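Let me begin by presenting the structure, written as structure tokens, before commenting on it.
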Amino acid sequence: MPDALIRSRVIISPDELIKVKKHLGVSSIKNEIDASIPAGFLAEIGDKIFDFTIDINQASHRQKEYSIGRITLIGDGVAEADGLSEAMMGEIVEIEDKTRGLVLNLSVKSAGIVILGDNSRIKPGDLVKTTGRLLSIPVGQEVLGRVIDPLGQPLDGKPEFLPQKFNPLEKIAPGVMARQSVSVPLQTGIKAIDGMIPIGRGQRELIIGDRQTGKTSIALSTIINQKNEGVFCVYVAIGQKRSNIAQFIAVLEKFGAMSHTVVVAASASNSPAMQYLAPYAGCAIGEYFLEKGQDALVIYDDLSKHSWAYRQISLLLRRPSGREAYPGDIFYAHSRLLERSCRLNQKSGGGSLTAMPVIETQAGDLSAYIPTNVISITDGQIYLESDLFNSGQKPAINVGNSVSRVGGAAQIKAIKQVAGRLRLDLAQYRELQAFAQFASDLDERTKKDLNRGAKLTELLKQDRDDPMPVERQVVSIWAGTNGILDDLDLGKIKNFENHLLAYVERHNPEIFEKIAKEKLLSPETIEKLSKIVRDAKQVYIQEENGD
Ligand code: ATP
Ligand code: MG
């Protein structure tokens, strides 16, 4: 076996070969023809390839150095290779048939690789080489409106884009000195959230609940509402059914919300590797806007399926497993992802990246491993409940168990003014409700509080694709907490709310404008509001009686 194997398009003359031998510092050399090389040559020494080929299009020497190895084991989307002495953790490797893989395990003699793509043609003995590149994804304005996979390949049948820039999937989160505290609201358009569990730009707010409790719908509503808010949205679908993803995109298109949104999809039929990478890819796209000083929102739907995918990869790679068979670094996998969300200070551009991870619980169990992990990483959670959902309370938010630890600082004053009361009234209602089930005779005061609570709860119901601008929320909640709804039938609340908002729009639209501009309820505005709400109610009752 010669020390070096030289591959070239044509046989190299003996004189030239002696020069090459000297240059490479080897004692013996062999020359083979390889028609796939355009010009120049490849030198294979031990487990390394030195690339001296010439790119004819650019007339330049590549002069690269690879490390090579051979596949020793392959199956279930995971391979093991020997050699690859220079491979780095997280590096992309290329297998003989051009399939790419990602190095996720390294030991002295071998490397564990997850295959990114079709692995049916790969067999033991195939050549693998390092590329010197870490995994990255195309980013930029041109990805808006697109549906892509975690490697940046289009899934929507539209042409491939020519990205100006690539962002690495893994990146260290911005340090403390580059950050500032959350102070600008991220309006979801959902009354119950914006009123009582407010989210700020740069915050990480978890959406948690059992299956089919409206988790995705909250994300959908929030994305639709960003149309007028100037926040770019990245929706990451992990391990979902393709039909669900298609449905989601169809709704976004219907509301014209795709123009500020990019969907990164790794469906249930994609490999666990793709599902594992999806949230990091989504985050990398969001970071493009963050770094440009803009505001972005990333939704990870959902991180439970992400954990399953990561668990599967780790078990296949034969990493030791921990609690519930999840890999030991599952907490780190999620915390390093969510730490990348932040609000940068002015010196660093002032951009923000808000994260809304979604977690699916089993039978409402918040104390399972993955839910507790993610609860502890995020700045609060929106807790959805099956019981509420089934009883028709949609969105099914359990206000008592939901919190936002930093969003209050970002809430505009007007909504703070009206929602403080709302929170109190509802808390009282919950307490009385439990007690009133057993009592037969209730005093007037209790009856009144129960009635108010029921009306407010009804007021907080909202359709999944019907986000409401904050100034309208203020008017609506104001009416509720000031007893305007108390003597209306439960079934008429929604109707009355629509009537009220239309009435204000028609007669005093400046109230909305004032709230939106001043961001607070001044005594004059309250006076005006008080009058018009009562007028609207009178008209409503007259119309009702007239029918
Ligand atoms: P999964 O666990 O399957 O991901 P999910 O928790 O994401 O479910 P969704 O898909 O958002 O739940 O919602 C479940 C169903 O409830 C959907 O058919 C949706 O249309 C309906 N739904 C959700 N929110 C509302 C709402 N506010 N008003 C009316 N219907 C709603
Ligand atoms: Mg869902």
Side-chain angles (χ1 to χ4, degrees), residues 187-197 205-225 233-255 257 261 263-270 275 278-279 282 297-309 355-366 368 370-371 374 381-399 401-402 456-468 473 476 491 493-495 497-498:
Q187 305 290 2
T188 61
I190 300 169
K191 277 175 281 184
I193 297 180
D194 291 348
M196 292 179 290
I197 321 155
E205 182 79 7
L206 170 66
I207 304 173
I208 186 164
D210 279 7
R211 54 179 299 278
Q212 289 289 305
T213 47
K215 303 182 295 299
T216 304
S217 300
I218 287 187
L220 185 73
S221 199
T222 307
I223 294 179
I224 294 173
N225 198 45
C233 301
V234 186
Y235 178 74
V236 185
I238 309 159
Q240 297 184 30
K241 281 187 275 186
R242 284 194 181 175
S243 57
N244 284 356
I245 303 174
Q247 223 170 19
F248 187 89
I249 294 166
V251 178
L252 286 183
E253 268 166 358
K254 187 173 135 206
F255 286 89
T261 307
V263 175
V264 180
S267 71
S269 59
N270 285 113
Q275 294 180 38
L297 163 71
V298 201
I299 292 155
Y300 307 107
D301 194 0
D302 58 65
L303 288 187
S304 302
K305 297 196 184 78
H306 180 249
S307 318
W308 301 343
M356 273 185 149
V358 177
I359 286 281
E360 183 184 308
T361 49
Q362 313 291 331
D365 184 10
L366 293 180
I370 301 298
V374 182
Q381 72 269 356
I382 296 167
Y383 179 43
L384 303 173
E385 252 182 16
S386 299
D387 286 351
L388 290 175
F389 191 86
N390 295 337
S391 67
Q393 179 70 31
K394 296 174 192 172
I397 301 172
N398 176 330
V399 180
N401 280 359
S402 302
L456 289 177
T457 311
E458 187 65 27
L459 186 70
L460 291 180
K461 289 186 184 170
Q462 204 172 338
D463 266 347
R464 62 166 201 161
D465 34 29
D466 187 24
M468 188 184 277
Q473 295 183 23
S476 191
I493 302 284
K494 180 95 217 153
N495 211 334
E497 186 191 22
N498 290 338

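Given the structure is predicted, the values throughout are model-derived calculations rather than measurements. Note that ligands are numbered from 1 as they come in the structure, with each ligand's atoms numbered from 1 the same way.
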Legend entry - Heteroatom distance test (G214, ligand 1): nitrogen or oxygen, under 3.5 angstrom: yes
Inset, instruction - Please answer whether the main-chain N or O of D301 pairs with a side-chain N or O of Q240 as donor and acceptor at a distance below 3.5 Å. - result: yes
Legend entry - Short side-chain to backbone donor-acceptor contact, Q462 and G189, under 3.5 Å: yes
Inset, instruction - Please find out if the Mg ion (ligand 2) and some N, O or S atom of T216 are separated by less than 2.8 Å. - result: yes
Inset, instruction - Can you pull out the closest protein heavy atom to atom 6 (O) of ligand 1? Residue, atom name and distance to 0.1 Å, please. - result: K215 NZ, 2.7 Å
Legend entry - G209 touching ligand 1 at heavy-atom level, < 4.0 angstrom: no
Inset, instruction - Check whether any side-chain N or O of Q393 sits under 3.5 Å from a backbone N or O of T457 as a donor-acceptor pair, and report yes or no. - result: yes
Inset, instruction - Give the residue and atom name of whichever protein heavy atom lies nearest to atom 30 (N) of ligand 1, and the separation in Å to one decimal. - result: K394 CD, 3.7 Å
Inset, instruction - Could you list the atoms of ligand 1 found under 4.0 angstrom from a heavy atom of R211? - result: 2 (O)
Inset, instruction - Under 4.0 Å from a heavy atom of S217: give me the atoms of ligand 1 that qualify, with their elements. - result: 9 (P), 11 (O), 13 (O), 19 (C), 22 (N), 23 (C), 24 (N)
Legend entry - Test item: protein heavy atom less than 4.0 Å from atom 2 (O) of ligand 1: yes
Legend entry - Flag, side chain of D463 to backbone of D466, donor-acceptor distance under 3.5 Å: no
Legend entry - Side chains of N398 and E385, donor plus acceptor under 3.5 Å: yes
Inset, instruction - Using a strict 4.0 Å cut-off to heavy atoms of D463, name the atoms of ligand 1 that fall inside it. - result: 27 (N), 28 (N)
Legend entry - ligand 1 contact on Q462 by region, counting heavy-atom pairs under 4.0 Å: backbone
Inset, instruction - Kindly say whether S267 contributes a backbone atom to a donor-acceptor pair with the side chain of Q275 at under 3.5 angstrom? - result: yes
Inset, instruction - Could you name the option among Q212, Q393, R464 that has the heavy atom nearest to atom 20 (O) of ligand 1? - result: R464
Inset, instruction - For a side chain to side chain donor-acceptor pair (under 3.5 Å) with T188, tell me which candidate from T222, D194, N225 qualifies. - result: D194
Legend entry - Close-contact set for ligand 1 against T216 heavy atoms, below 4.0 Å: 4 (O), 5 (P), 7 (O), 11 (O)
Inset, instruction - Quick one: look up the protein heavy atom nearest atom 16 (O) of ligand 1 and list residue, atom name and how far away it is. - result: F389 CZ, 3.0 Å
Inset, instruction - For the pair N390 (side chain) and S386 (backbone), establish whether a donor and an acceptor sit closer than 3.5 Å, ignoring hydrogens and angles. - result: yes
Legend entry - Sidechain-backbone polar pair: S391 side chain, L388 backbone, donor-acceptor under 3.5 Å: yes
